[in-house]
Amino acid sequence: MPMKGRFPIRRTLQYLSQGDVIFKSSVKVMTVNYNTAGEPSEGARKFVFFNVPQIQYKNPWVQIMLFKNMTPSPFLRFYLDTGEQVLVDVEDKNNKEITEHIKKILGKSKETLEKEEREKKKLSHPATFGPKKYHLRECMCEIEGQVPCPAVVPLPKEMRGKYKTMKKEA
Amino acid sequence: MSVPRGAVHAKWIVGKVIGTKMQKTAKVRVSRLVLDPYLLKFFNKRKTYFAHDPLQQCVVGDIVLLKALPERRSKHVKHELAEIVFKVGNVIDPITGKPCAGTRFLENLSDSENLTEADTTYLSEKLQELKVCSTEK
């Protein structure tokens with residue numbers, strides 16, 4: 001049973017998480033003005049259809065507004081926290097070119113992203129174990145080189161308390 | 001720390017004015033894209049904000065940019081009008097700066113009436129060059 005819709009792959013988590021445009025923290029609002037008909041607006045239409053869901057998924061706190069058929073020329077407009085506005089003309093541009101352009105001007109660079117990842121990793125120690133939310137492993141039995149879980153593999157006789165007490169009595 | 005601005009989360013917002021019946025206050029509807037967890041599709045979710053508009057220059061239907069106030073002005077008003085992005089009935093295309101309506105410009109874009117003699121000769125020369133290049137190919 002296939003998925004419903006024109007390009008249902010747009011509605012998969014894998015596709016959404018493949019978006020590589022992550023805006024800087026100063027970008028608050030993104031406005032896309034495009035036309036529903038016309039050759040110059042074709043790239044903008046494809047951008048809205050394919051790439052805007054990816055961008056919104058990666059930047060949940062950026063307000064994205066779409067305006068149709070308001071002006072003859074298609075453009076993107078970003079409102080930054082400093083009050084600055086960035087106008088991007090997308091007439092006669094491919095949707096891939098549009099994403100590359102905004103990634104270059106307002107996206108977080110790869111170094112910044114890697115640095116943030118490293119900072120996040122530093123907070124949690126990988127060797128500890130505990131609740132799944134905070135640690136990688138829940139029980140000591142999951143760690144390689146440690147005694148396996150007695151629910152899966154029975155413990156040897158010498159480690160069982162029953163055997164130890166029997167030996168003490170005898 | 002810089003000026004602690006915004007007792008609200010949303011610092012800058014773009015929305016459409018839906019009501020101006022209050023004195024010096026505009027009711028603005030803001031739509032955000034929210035992901036439906038099952039369909040994995042984005043839908044518009046609307047929310048209304050009240051914005052302080054001291055000059056009462058907003059008309060219903062304007063697209064406006066709101067800025068969060070440093071502290072709440074009243075129980076509901078936490079934003080003020082920063083600028084009117086598109087005035088209803090008077091949309092200015094930001095790329096060309098000319099008034100437009102829908103997908104067409106309202107005024108004639110070409111400026112052939114204001115060309116001088118030198119301009120026309122220069123342009124016709126350029127046109128000749130272009131014609132030669134196309135025939136060469």
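Letters A, B, ... are given to chains in the order of the sequence lines, protein chains preceding strands, and every chain is numbered from 1.
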Going only through I, L, V, M, F, W and Y residues with side-chain contacts under 4.5 Å, is there a path from [X] to [Y]?
X       : Y       : value
A:Phe23 : A:Leu76 : yes
B:Leu33 : A:Leu16 : yes
B:Leu65 : B:Leu81 : no
A:Phe75 : B:Ile92 : no
A:Leu87 : A:Val29 : yes

For [X], is the [atom1] atom crowded, meaning more than 12 foreign heavy atoms sit under 6.0 Å from it?
X        : atom1 : answer
B:Met22  : CE    : yes
B:Glu107 : CD    : yes
A:Lys46  : NZ    : no
B:Tyr122 : OH    : no
A:Tyr134 : OH    : no
A:Lys132 : NZ    : yes
B:Gln23  : CD    : no
A:Lys28  : NZ    : yes

Inset, instruction - Mind ranking A:Gly83, A:Gly38, A:Pro60 by heavy-atom pairs under 4.5 Å with chain B and telling me who comes out on top? - result: A:Gly83
Heavy-atom closest contact ([X] atom, [Y] atom, distance):
X        : Y       : answer
B:Trp12  : A:Gln63 : O-OE1, 4.4 Å
B:Asp93  : A:Pro72 : OD2-CD, 4.3 Å
B:Phe42  : A:Tyr57 : CZ-N, 3.8 Å
B:Cys100 : A:Met70 : SG-O, 3.9 Å
A:Met65  : B:Val14 : SD-O, 3.2 Å
B:Ile95  : A:Ser73 : CG1-OG, 3.6 Å

Rounded to the nearest 0.5 Å, what separates atom [atom1] in [X] from atom [atom2] in [Y]?
X       : Y       : atom1 : atom2 : answer
A:Arg10 : B:Lys41 : CZ    : NZ    : 7.0 Å
A:Trp61 : B:Lys11 : CH2   : NZ    : 11.5 Å
A:Leu66 : B:Asn44 : CG    : CG    : 7.0 Å

Legend entry - Whether B:Phe86 and A:Phe67 hold their rings parallel, tilted or perpendicular, with breakpoints at 30° and 60°: perpendicular
Side chain, backbone, both or neither of [X] within contact of chain B (heavy atoms, under 4.5 Å):
X       : value
A:Asn69 : both
A:Val52 : side chain
A:Glu91 : neither

Inset, instruction - Kindly indicate whether the side chain of B:Thr103, heavy atoms from C-beta on, has any atom under 4.5 Å from the side chain of A:Thr36. - result: no
Inset, instruction - Could you tell me which portion of B:Ile13 (side chain, backbone, both or neither) has an atom closer than 4.5 angstrom to a non-hydrogen atom of chain A? - result: both
Legend entry - Structural part of B:Leu35 lying under 4.5 Å from a heavy atom of chain A: side chain
Inset, instruction - Could you tell me whether the side chain of A:Arg11 and the main chain of B:Leu39 form a donor-acceptor pair under 3.5 Å? - result: yes
Inset, instruction - Could you please state which residues from residues 96-127 of chain A sit under 4.5 angstrom from chain B, measuring non-hydrogen atom to non-hydrogen atom, sorted by number, or 'none'? - result: none
